[in-house]
Engineer: 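Would you mind keeping the following structure in view while I ask a few things?
Proteins get letters first, then strands, A, B, ... in listed order; numbering begins at 1 in each. Just so you know, these numbers come straight off a predicted model, no measurement behind them. Every heavy atom of this structure was used, including side-chain atoms; hydrogens, water molecules and symmetry mates were not.
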4 protein chains.
Amino acid sequence: MDGDNNPQIGGIAADALKQTIDRIERLEEEKKALAADIKDVYSQAKSQGFDTKIIRKIVSLRKIEASEREEAEQLLELYMAAIGMA
Amino acid sequence: MDGDNNPQIGGIAADALKQTIDRIERLEEEKKALAADIKDVYSQAKSQGFDTKIIRKIVSLRKIEASEREEAEQLLELYMAAIGMA
Amino acid sequence: MDGDNNPQIGGIAADALKQTIDRIERLEEEKKALAADIKDVYSQAKSQGFDTKIIRKIVSLRKIEASEREEAEQLLELYMAAIGMA
Amino acid sequence: MDGDNNPQIGGIAADALKQTIDRIERLEEEKKALAADIKDVYSQAKSQGFDTKIIRKIVSLRKIEASEREEAEQLLELYMAAIGMA
DNA sequence: GATGCGCTTTAAATGC
DNA sequence: GCATTTAAAGCGCATC
């Protein structure tokens, strides 16, 4: 190694790589924490006497409804574009 | 190996394994063929002047609608079961 | 709209479009059914005591070998063609 | 139904259920946003000339190492407790 | 209370 | 490069 602090090691921008990995790991930590939170909410619901299976079903149904709305909008946009109105 | 045709090799039912793999490979062949057929239909549609992007969108939208119907039915069944009417 | 049964609606051949979508959906149904069949075969294998992870590995290995064979054959054909023997 | 605002509908605490579903959906939204952020980071890394496949490998390796460290620490705690030093 | 099993979610691979 | 498709992982549930 020479004495400078050139971040290029083996042709790779080491510092930039390190920062990238750090950001990913931080974001994944947060994501993991949210997953744990969701799990907690289900646990609490269960201890309140709710049937988590039903709750999961409701959530998934509403998710489908949301994506259908989204798809429909995108389809409309496609049509508009197709007939030159976009 | 001894002279008999004992299918047990190394504790594994060799013949049964072979048949299982054969069945899987045959089914995957058929699946692959269908994928090719679908691709053909899109190609033909395109050569008829259709915008395949729109067609794909329509198909996916209809798929979502179908799964929503299905989810809704399953949710209903869950409710019925929950209130002892299933 | 006028009273005839002209399939052109908004510049789109509505009937042809409908048929195309129907064909795609039918083919995708069949494809989905085959995927379910494959899943069943794996389930049965598991209940026979096989390790499905290993079976999946075998299947994928054989797939690679098959494509290698195919490549080799195509290469051979190329050679044959190149020397005027195809 | 009577005129009061009893949240019990069909034996289900409707308000509590609604709040539960809201919380889950909000948390899943945030989770989805984080997933998108992570995807962005990978995209940026790629446009900086990094091989995302390698980055993914590094991240997953570090994840394993981290869990190994954690395991080791828990093991140590167990030992400490076992000898009355916890 | 532990184990196994299916399912949902997530990561990787492939093809367009 | 993106989107689809497929393999793998994690989780919750049921059973013993």
Engineer: Does any part of the side chain of Y79(B), heavy atoms only, come nearer than 4.5 Å to the side chain of L75(B), both counted from C-beta?
Structural biologist: yes
Engineer: Nearest whole Å is fine: how far is dA11(E) C1' from R62(D) CZ?
Structural biologist: 19 Å
Engineer: Rounded to whole angstrom units, what separation is found between the CD atom of E25(B) and the P atom of dT6(F)?
Structural biologist: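 Going from E25(B) (CD) to dT6(F) (P), I get 16 Å.
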Engineer: Calculate the interatomic distance between Q44(A) atom CD and dG12(F) atom P; express it in whole Å.
Structural biologist: 14 Å
Engineer: Among dT9(E), dT6(F), dC13(F), which is the nearest nucleotide to the side chain of K31(B)?
Structural biologist: dT6(F)
Engineer: Going by an N to O cut-off under 4.0 Å, is there a salt bridge joining K18(C) and D22(C)?
Structural biologist: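 A salt bridge is present here (some side-chain N lies under 4.0 Å from a carboxylate O).
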Engineer: Starting the side chain at C-beta, find the nucleotide from dA12(E), dA9(F), dA7(F) nearest to R56(D).
Structural biologist: dA12(E)
Engineer: Side-chain contact test, heavy atoms from C-beta onward, threshold under 4.5 Å: evaluate it for R62(A) versus I21(D) and give yes or no.
Structural biologist: yes
Engineer: Looking only at side-chain atoms of K39(A), point me to the closest of dG12(F), dA11(E), dT9(E).
Structural biologist: dG12(F)
Engineer: When the distance from NZ of K57(B) to C1' of dT4(F) is rounded to whole Å, what number comes out?
Structural biologist: 13 Å
Engineer: Grab the CD1-C1' distance between I38(C) and dA7(F) for me, whole Å please.
Structural biologist: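 Result: 13 Å.
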Engineer: Any side-chain heavy atom of E77(A) within less than 4.5 Å of one from M80(A)?
Structural biologist: no
Engineer: Round to the nearest Å and state the distance from I64(C) atom CD1 to dA7(F) atom P.
Structural biologist: 11 Å
Engineer: Are any of T52(D)'s side-chain N or O atoms less than 4.0 Å away from OP1 or OP2 of dG1(F)?
Structural biologist: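 Answer no for this pair, as no side-chain N or O of T52(D) is under 4.0 Å from OP1 or OP2.
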Engineer: Using whole Å, report how far CG of D51(D) lies from P of dA13(E).
Structural biologist: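 So the two atoms are 11 Å apart, to the nearest Å.
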Engineer: Measure the distance from NZ on K32(D) to P on dT10(E) and round it to the nearest whole Å.
Structural biologist: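 Going from NZ in K32(D) over to P in dT10(E) covers 12 Å.
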Engineer: Report which part of the nucleic acid S43(C) touches: base, sugar-phosphate, or nothing (heavy-atom distance under 4.0 Å, all strands).
Structural biologist: nothing
Engineer: Which nucleotide sits closest to the side chain of K53(C): dC13(F), dA9(F), dC16(E)?
Structural biologist: dA9(F)
Engineer: For a 4.5 angstrom cut-off between non-hydrogen side-chain atoms, does V41(D) reach D37(D)?
Structural biologist: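 Of all side-chain heavy-atom pairs linking D37(D) with V41(D), none is under 4.5 Å.
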Engineer: Want to settle it: does K63(A) or K46(C) sit nearer the 5' end of DNA chain E, counting the closest nucleotide to each?
Structural biologist: K46(C)
